[in-house]
Colleague: 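First the structure, then my questions, so here it is.
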Amino acid sequence: MGEAPAFVVDDLLQNQDGFGSKSKGCKITTTIGDKTYVIGGENDESTLSLEVQIFDKATGNWATPIVLGAKPSSCKGLSAVSLNDDRILIVKKGSTPDDCIWFLEVDTRFVREQKKIQGTDVVAWSKGARGYAEKPVVISGPSGVGKGTLISMLMKEFPSMFGFSVSHTTRAPRCMEKDGVHYHFTERSVMEKELKDGKFLEHALVHGNLYGTSIEAVEVVTDTGKRCILDIDVQGARSVKASSLEAIFIFICPPSMEELETRLRSRGTETEEQILKRLQNAKKEMEQGQSSGIFDHILYNDNLDECYESLKKLLGLDGAAAATQRSAPQGIDLPADHSVSKMDNKIIINCGTAELKKASKNLIVLDVSSLKGGAPGRTRGLDVYAIDSFSDGLNGINQPS
Ligand SMILES: Nc1ncnc2c1ncn2[C@@H]1O[C@H](COP(=O)(O)OP(=O)(O)OP(=O)(O)O)[C@@H](O)[C@H]1O
Ligand SMILES: Nc1nc2c(ncn2[C@@H]2O[C@H](COP(=O)(O)O)[C@@H](O)[C@H]2O)c(=O)[nH]1
């Protein structure tokens with residue numbers, strides 16, 4: 001049980017607005033059921049990130065929950081609106097366009113699962129992002145089959161379309177490999193701590209080393225508007241399949257085990273012992289890849305160019321669409337001074353200054369009816385448009401301009 005913060009609960013509960021929220025400086029409270037969530041820093045921007053405490057009206061106790069996900073940095077002020085009683089939408093005042101909308105999940109599926117695992121109160125942060133992302137592509141297959149070669153070809157031909165999810169690994173770098181480009185090379189103890197902190201989407205022990213995809217590795221690619229490619233083993237693919245990340249799963253097979261061995265040996269990056277271990281593991285991976293039901297597509301990498309053409313075809317890259325340039329989704333430009341209200345699935349941000357009130361399009365509407373994803377990654381699918389409350393009236397809220 002934690003101590004009551006200086007921001008006294010009675011005061012909070014008496015002064016809540018119609019959305020169950022009340023703010024004071026950089027702190028805001030939102031009540032859902034019996035629980036009041038106190039979110040924010042002590043004073044303005046003096047703290048590094050927004051903290052969370054929970055007051056349970058039924059027991060009269062304060063709790064400091066386990067907070068998962070990257071936390072939003074502190075800010076000048078906050079607004080909050082509860083959505084579906086399972087998450088709280090937070091609008092940060094005076095923040096940059098890519099950092100102003102956050103979600104604190106308090107009872108989503110992910111949070112409920114984590115509460116069971118941790119046996120205590122858990123909440124999870126997820127940053128809001130405009131628009132949708134194309135499904136990430138998970139590519140698996142035995143070591144030496146040519147995954148990396150195919151991915152390099154794709155990234156070279158379509159640099160603005162694809163981005164690589166840079167995994168973490170505890171294995172030593174090969175001579176041409178660069179930290180942060182091919183992998184984030186890391187100490188086992190450091191990676192184990194980060195795993196415990198919930199920073200990874202998936203991880204597995206592969207050929208004797210730890211490998212893992214951090215949540216950030218996928219989200220930073222998607223934030224740029226690119227489609228994320230993951231090169232991970234079958235165990236990792238299984239974990240991603242069970243996660244909230246909707247992806248396309250592709251398994252690459254060699255033409256034969258003999259050819260696989262030839263490729264691994266001719267690559268010349270592994271010791272004899274490692275080659276034997278990788279070949280041994282390849283048998284298991286081939287079985288699982290072909291019969292586990294994880295994979296949407298199986299490709300045979302016999303002739304490299306033919307396999308690459310098949311890969312492009314199944315990713316829809318064999319026609320005019322392939323030429324489409326992607327651009328990063330825009331952020332949301334909010335004035336520092338605003339108030340927030342809610343109407344059905346729409347959050348109305350009233351750009352409150354007298355000057356802005358006079359300007360056209362003085363209301364910003366966040367449509368939250370089609371949100372996707374969420375903790376431990378971003379919450380995507382925010383639709384944002386501006387309307388003029390004077391000429392469009394509230395009817396304009398239902399008609400994006
Ligand atoms: N179709 C092919 N025919 C012949 N050689 C190939 C073919 N595809 C890839 N190779 C070669 O096989 C070797 C292994 O390929 P690559 O490194 O891409 O495998 P990988 O699946 O990424 O392996 P790992 O999982 O160990 O990272 C490389 O030397 C590559 O040039
Ligand atoms: N489960 C995960 N597997 C991963 C990840 N990154 C790479 N891998 C797989 O490991 C083997 C070996 O890779 P190598 O670079 O040492 O040859 C290969 O099958 C990769 O697909 C990861 O983040 N998670």
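All residue numbers in this chain count up from 1 along the given sequence. Numbering of ligands and ligand atoms starts at 1, following listing order.
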Colleague: Counting only heavy atoms, tell me which of F200, Y183, Y211 gets closest to atom 5 (C) of ligand 2.
Modeller: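 When every heavy atom of F200, Y183, Y211 is considered, Y211 comes closest to atom 5 (C) of ligand 2.
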Colleague: What protein heavy atom lies closest to atom 30 (C) of ligand 1? Include the residue and the distance to one decimal.
Modeller: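 Minimum-distance protein heavy atom for atom 30 (C) of ligand 1 reads T149 OG1, 3.5 Å.
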Colleague: For atom 6 (N) of ligand 2, state which one of P142, S167, S239 supplies the nearest heavy atom.
Modeller: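 The option holding the nearest heavy atom is S167.
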Colleague: Under 4.5 Å between any side-chain heavy atoms of L78 and L50, yes or no?
Modeller: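 Heavy-atom side-chain distance check passes, below 4.5 Å.
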Colleague: Indicate yes or no for a side-chain donor-acceptor contact from D333 to the backbone of P97 under 3.5 Å, with no hydrogens or angles considered.
Modeller: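 Absent.
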Colleague: I need the atoms of ligand 2 closer than 4.0 Å to a non-hydrogen atom of A204, numbered in the order shown.
Modeller: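 Listed by number with element, the hits are 1 (N).
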Colleague: Which option, T269, I232, D233, owns the non-hydrogen atom nearest atom 1 (N) of ligand 2?
Modeller: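 Looking at heavy atoms only, D233 sits closest to atom 1 (N) of ligand 2.
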Colleague: Any idea how W102 and W125 line up, ring-wise: parallel (<30°), tilted (30 to 60°), or perpendicular (>60°)?
Modeller: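 Plane angle over 60°, so perpendicular.
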Colleague: Passes salt bridge (charged side-chain N to carboxylate O under 4.0 Å, His left out), K277 versus E273? Steps please.
Modeller: CA-CA 6 Å; K277 187 182 264 180; E273 190 190 352; 5.6 Å; no
Colleague: Strictly distance-based, threshold 3.5 Å: is any side-chain N or O of D56 a donor or acceptor partner for the main-chain N or O of A58?
Modeller: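 Yes, because the side chain of D56 sits within donor-acceptor range (under 3.5 Å) of the backbone of A58.
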Colleague: Has the side chain of K241 got a donor or acceptor atom that lies under 3.5 Å from a matching backbone atom of F295?
Modeller: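 No.
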Colleague: Within the 4.0 Å heavy-atom shell around K147, which atoms of ligand 2 are there?
Modeller: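 Heavy-atom distances to K147 below 4.0 Å select 19 (O), 21 (O).
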Colleague: Measure the acute angle between the ring planes of H168 and F200, then classify it against the limits of 30° and 60° as parallel, tilted or perpendicular.
Modeller: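 The arrangement is perpendicular - the two ring planes meet at more than 60°.
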Colleague: Spell out, as yes or no, whether a donor-acceptor pair under 3.5 Å connects the side chain of R227 to the backbone of M161.
Modeller: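 Between the backbone of M161 and the side chain of R227 there is no qualifying donor-acceptor contact (under 3.5 Å).
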Colleague: Any ion pair linking E51 and K71 (charged N to carboxylate O, less than 4.0 Å)?
Modeller: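 Counted as a salt bridge, because a side-chain N and a carboxylate O are separated by less than 4.0 Å.
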Colleague: Ignoring hydrogens, just give me the one of G148, S140, G146 whose non-hydrogen atom is nearest atom 19 (O) of ligand 1.
Modeller: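 The option holding the nearest heavy atom is G146.
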Colleague: Is any N or O atom of S266, backbone or side chain, closer than 3.5 Å to an N or O atom of ligand 1?
Modeller: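 N/O-N/O distance under 3.5 Å: no.
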Colleague: Just to confirm my output: which protein heavy-atom neighbour is closest to atom 14 (C) of ligand 1, and how far is it?
Modeller: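 It is G144 O, 3.5 Å.
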Colleague: Any nitrogen or oxygen of E259, main chain or side chain, under 3.5 Å from a nitrogen or oxygen of ligand 1?
Modeller: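 No; the residue has no nitrogen or oxygen that sits under 3.5 Å from a nitrogen or oxygen of the ligand.
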Colleague: Short N/O distance, under 3.5 Å, between E285 and ligand 2?
Modeller: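 Looking only at distances, the answer is no, because the N/O contact criterion of under 3.5 Å is not met.
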Colleague: For R278, counting its heavy atoms only, list the atoms of ligand 1 lying under 4.0 Å from any of them.
Modeller: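 Answer for ligand 1: 26 (O).
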Colleague: Measure the distance from atom 11 (C) of ligand 2 to every protein heavy atom, then report the residue, atom name and distance (to 0.1 Å) of the closest one.
Modeller: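 Protein heavy atom at minimum distance: V206 CG1, 3.8 Å.
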Colleague: Under 4.0 Å, counting heavy atoms only: does I151 come that close to any atom of ligand 1?
Modeller: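 Under 4.0 Å: no for I151.
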Colleague: Report yes or no: does K372 contribute a side-chain atom to a donor-acceptor pair with the main-chain N or O of A133 at less than 3.5 Å?
Modeller: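 Answer holds: no.
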Colleague: Which atoms from ligand 2 have a heavy atom of G236 less than 4.0 Å away?
Modeller: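 In order of numbering, the contacting atoms are 1 (N).
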Colleague: Minimum heavy-atom separation for K342 to V81, with atom names?
Modeller: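 Of all heavy-atom pairs spanning K342 and V81, the closest is CD-CG1, 3.2 Å.
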Colleague: Is there a donor-acceptor pair closer than 3.5 Å between any side-chain N or O of Q274 and the backbone N or O of T271?
Modeller: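 The answer is yes, because a donor-acceptor pair under 3.5 Å joins these two groups.
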Colleague: Please state which option from R174, H207, H184 has its nearest heavy atom closest to atom 14 (P) of ligand 2.
Modeller: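 The option holding the nearest heavy atom is R174.
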Colleague: Examine the proximity of ligand 2 to E202 and report which part, side chain or backbone, both or neither, has a heavy atom under 4.0 Å away.
Modeller: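 It is the side chain that touches ligand 2; the backbone stays farther off.
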Colleague: Below the 3.5 angstrom mark, is there an N/O of S143, backbone or side chain, next to an N/O of ligand 1?
Modeller: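 Yes, at least one N or O pair falls under 3.5 Å.
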Colleague: For atom 10 (N) of ligand 1, grab the closest protein heavy atom and report residue, atom and distance to one decimal in Å.
Modeller: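 For atom 10 (N) of ligand 1, the nearest protein heavy atom comes out as R263 CD, 3.9 Å.
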Colleague: What I want to check is whether the side chains of R171 and T169 have a donor and an acceptor closer together than 3.5 Å.
Modeller: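 No, no side-chain donor-acceptor contact under 3.5 Å.
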Colleague: Run down the list E285, R267, E306 and name the one with the heavy atom closest to atom 17 (O) of ligand 1.
Modeller: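 When every heavy atom of E285, R267, E306 is considered, R267 comes closest to atom 17 (O) of ligand 1.
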Colleague: Under 4.0 Å, counting heavy atoms only: does S152 come that close to any atom of ligand 1?
Modeller: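 False for this residue.
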Colleague: What protein heavy atom sits nearest atom 25 (O) of ligand 1, and how far off is it?
Modeller: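 For this ligand atom, the closest protein heavy atom is K147 NZ, 2.6 Å.
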Colleague: N/O to N/O below 3.5 Å, does that happen between N303 and ligand 1?
Modeller: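 Min N/O separation from ligand 1 is not below 3.5 Å for N303.
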Colleague: Between S126 and T379 (side chain of the first, backbone of the second, donor and acceptor by atom type, cut-off under 3.5 Å), is there such a pair?
Modeller: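 Flag set: sc S126 to bb T379 pair under 3.5 Å.
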Colleague: Taking both backbone and side-chain atoms of G212, is any N or O found less than 3.5 Å from an N or O belonging to ligand 2?
Modeller: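 Yes, at least one N or O pair falls under 3.5 Å.
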Colleague: Considering the options E105, R112, Q114, which one meets the side chain to side chain contact (heavy atoms under 4.5 Å, CB included) requirement together with V122?
Modeller: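 Exactly one candidate clears the test, Q114.
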Colleague: Out of all atoms in ligand 1, which are within 4.0 Å of some heavy atom of P142? Include the element for each.
Modeller: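 By the 4.0 Å cutoff, the relevant atoms are 21 (O).
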Colleague: In ligand 1, which numbered atoms sit nearer than 4.0 Å to a non-hydrogen atom of D302?
Modeller: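 The atoms of ligand 1 under 4.0 Å from a heavy atom of D302 are 1 (N), 2 (C), 3 (N).
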Colleague: Geometry only, no angles: is V145 polar-contacting ligand 1 at N/O separations under 3.5 Å?
Modeller: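 Yes; at least one N/O pair falls below 3.5 Å.
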Colleague: Side-chain donor-acceptor pair under 3.5 Å between T29 and T36, yes or no?
Modeller: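 The criterion, which ignores hydrogens and geometry beyond distance, is not satisfied for T36 and T29.
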Colleague: Any nitrogen or oxygen of R171, main chain or side chain, under 3.5 Å from a nitrogen or oxygen of ligand 2?
Modeller: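 Min N/O separation from ligand 2 is below 3.5 Å for R171.
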Colleague: Apply salt bridge (charged side-chain N to carboxylate O under 4.0 Å, His left out) to residues K312 and E309 and explain how you reach the verdict.
Modeller: CA-CA 5 Å; K312 286 203 293 184; E309 287 307 313; 3.5 Å; yes
Colleague: Main chain of I250, side chain of S140: is a donor-acceptor contact present, judged purely on distance under 3.5 Å?
Modeller: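 Side chain of S140 to backbone of I250: no pair is present.
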Colleague: Kindly confirm or rule out an N or O of R278 lying under 3.5 angstrom from an N or O of ligand 2.
Modeller: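 Yes - when backbone and side-chain N and O of R278 are compared with those of ligand 2, one distance drops under 3.5 Å.
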Colleague: For the 3.5 Å polar cut-off, considering only N or O atoms, please tell me whether E270 and ligand 2 meet it.
Modeller: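 In fact, backbone or side chain, E270 has no N or O that close.
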Colleague: Could you check atom 20 (C) of ligand 2 against the protein and tell me its nearest heavy-atom contact, residue, atom and distance included?
Modeller: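 It is D231 OD1, 3.5 Å.
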